[in-house]
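Heavy atoms only: backbone and side chains are in, while hydrogens, waters and symmetry mates are out. Worth saying up front: this structure is predicted, and the values here are computed from it rather than measured. Nothing fancy with the numbering, it's 1 onward along the sequence.
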Amino acid sequence: MTGMLQNDGRVVSSTHQGDILAAFAAAAARLGDAREQVRRIIIGQDVVIDQCLAAILAGGHALIVGVPGLGKTRLVEALAAALGLSTRRIQCTPDLMPGDILGSEVLETGADGARAFRFIEGPVFTELLMADEINRASPRTQSALLQAMAERRVAVAGLNRQLPDPFHVLATQNPLEQEGTYPLPEAQLDRFLFEIRIEYPSVADERRMLLATTGLDQTEVEPVLDPEGLRAAQHVVRAMPVGAKVVDAILALVRGARPETAGDPKIAAALAWGPGPRAAQALMLASRARALLDGREAPSLDDVAALAAPVLRHRMGLSFAARAEGESVEALIGLAVARILG
């Protein structure tokens with residue numbers, strides 16, 4: 001029987017290979033349509049849109065960092081509409097309790113006078129959850145949400161309750177205001193596949209945005225996918241082959257961003273700590289997802305280079321001396337990418 005040799009040594013039959021290619025073509029076409037739907041609403045943030053879609057396709061969560069008024073809430077709404085996902089929003093505040101997001105049991109009295117507990121689901125029971133200004137929630141509430149993100153289930157009143165499938169969280173942070181906030185610890189930041197930076201639009205894009213959003217006619221997003229279609233696309237991402245050069249580049253890049261194994265003395269001296277194996281897993285899946293969004297059947301070194309910053313920037317810490325000298329994590333990632341990927 002003829003077939004195709006995968007990276008892990010398995011031989012895929014020609015028939016199964018044809019099924020994979022058909023699923024790839026269908027997923028790529030529908031994802032392209034979904035991306036265009038979101039771009040009709042979110043003007044001038046094409047890179048941010050692609051990174052959000054890549055994070056969701058890779059099965060992960062993303063932290064979106066940007067100043068107020070850049071359309072972060074509208075972005076999540078547009079993504080949910082285009083992907084056909086249910087969505088809810090949590091406005092994080094210091095007095096927000098874990099039960100406010102997970103849900104709680106209440107004692108009810110029935111028509112026959114019998115009393116029984118009933119579980120009321122919290123907003124976390126949705127397919128695409130927006131946690132607005134997550135750093136304003138207390139550490140206790142942050143931990144409850146991040147545990148749900150990692151385990152995709154919640155434990156309330158001694159029972160484990162499964163979250164919907166798919167389940168993704170897009171959390172936001174305001175980089176300006178730090179008063180009354182609780183910065184996420186490094187171990188919890190690592191739960192996010194990406195840290196996405198959203199910047200101000202260009203003059204031309206801001207002009208288009210101004211004209212498109214202040215008239216009588218408002219553009220609406222049409223659903224292109226549904227939860228089943230998204231799960232199929234996520235399956236395609238994991239089925240995509242990855243070349244040995246791409247795998248080696250991912251390993252070299254992640255290991256080169258650690259102070260113990262960095263090949264560049266400047267990077268090693270500037271870092272206090274670096275990314276763990278989860279970063280390599282994130283970069284592998286995200287590179288596949290980016291390739292699928294572009295209609296390519298396998299990721300390339302360009303995908304790895306393009307996604308290095310959102311995958312690594314929140315998984316690296318500068319030493320005290322590097323901070324004092326005004327060094328930045330982004331600059332170190334750029335050095336590592338230039339040295340390893342050329």
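Among all heavy-atom pairs drawn from Gly274 and Pro259, the shortest one is N-CD, 3.8 Å. Between Arg315 and Ala279, the shortest heavy-atom contact is CD-CB, 3.6 Å. Nearest heavy-atom pair across Arg290 and Asp303 is NH1-OD1, 2.6 Å. Of all heavy-atom pairs between His168 and Pro166, the closest is NE2-CB, 3.7 Å.
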(request) Take Ile250 and Val247 through the side chain to side chain contact (heavy atoms under 4.5 Å, CB included) test and state the conclusion after the steps. (result) CA-CA 5 Å; Ile250 290 173; Val247 175; 5.9 Å; no
(request) Apply the test side chain to side chain donor-acceptor pair (under 3.5 Å) to residues Gln37 and Arg40: give CA-CA distance (whole Å), side-chain angles for both, the deciding distance (0.1 Å), then the verdict. (result) CA-CA 5 Å; Gln37 286 292 322; Arg40 292 170 59 226; 2.7 Å; yes
(message) Working note: Ile49 + Cys52, criterion side chain to side chain contact (heavy atoms under 4.5 Å, CB included); need CA distance, chi angles, decisive distance, verdict.
(response) CA-CA 5 Å; Ile49 293 170; Cys52 288; 5.9 Å; no
(request) Could you walk me through whether Glu327 and Lys266 pass side chain to side chain contact (heavy atoms under 4.5 Å, CB included), step by step? (result) CA-CA 11 Å; Glu327 191 63 81; Lys266 180 179 180 180; 3.5 Å; yes
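In this structure, the side chain of Arg89 does not engage the main chain of Asp132 through any donor-acceptor pair within 3.5 Å. When atom types are taken as modelled, the side chain of Ser86 and the backbone of Thr126 share no donor-acceptor pair closer than 3.5 angstrom. Using modelled atom types, no side-chain atom of Thr219 and backbone atom of Ile41 make a donor-acceptor pair closer than 3.5 Å. Looking only at distances, no side-chain donor or acceptor of Glu133 sits under 3.5 Å from a matching main-chain atom of Asn174. Formation of a donor-acceptor pair under 3.5 Å by the Gln173 side chain with backbone atoms of Val65 is not found in this model. A donor-acceptor pair is defined here as one N or O able to donate and one able to accept, closer than 3.5 Å; no such pair exists between the side chain of Thr87 and the backbone of Ala80. Checking side-chain atoms of Arg161 against main-chain N and O of Val156 turns up a donor-acceptor pair under 3.5 Å. Arg136 contributes no side-chain N or O that, together with a main-chain N or O of Cys92, makes up a donor-acceptor pair within less than 3.5 Å. Remark: the backbone N or O of Pro275 is paired with a side-chain donor or acceptor of Arg258 at under 3.5 angstrom. Judged by distance alone, with hydrogens and angles left aside, the side-chain atoms of Arg313 form a donor-acceptor pair with the main-chain N or O of Glu195 at under 3.5 Å.
By the 4.5 Å heavy-atom criterion applied to side chains, Arg197 and Val47 are not counted as neighbours. Contact check for Pro227 versus Asp165: no side-chain heavy atoms found under the 4.5 Å cut-off. Contact check for Leu285 versus Leu193: no side-chain heavy atoms found under the 4.5 Å cut-off.
To the nearest 0.5 angstrom, Ile340 atom CD1 is 11.5 Å from Leu301 atom CG. One distance of note links CG of Leu163 with CG of Leu129; it measures 9.5 Å at 0.5 Å rounding. Atom-to-atom distance recorded for Leu75:CG and Lys72:NZ is 10.0 Å, nearest 0.5 angstrom. To the nearest 0.5 angstrom, Leu79 atom CG is 10.5 Å from Arg74 atom CZ.
Checked against side-chain contact (heavy atoms from CB on, under 4.5 Å), Ile43 has the following partners two or more places apart in sequence or in another chain: Asp205, Arg208, Met209, Ala212.
Checking Arg191 against Gln188 by side-chain atom types alone, no donor-acceptor pair falls below 3.5 Å.
Identified under the ring-ring contact (aromatic ring centres under 6.0 Å, His included) test for residues 95-121, with sequence neighbours left out: Phe119-Phe125. Each ring-ring contact (aromatic ring centres under 6.0 Å, His included) pair with one or both residues in residues 208-228, not counting sequence neighbours, would appear here, but there are none.
Electrostatic pairing of Glu228 and Arg231 does not count as a salt bridge here, judged by no charged N lying under 4.0 Å from a carboxylate O.
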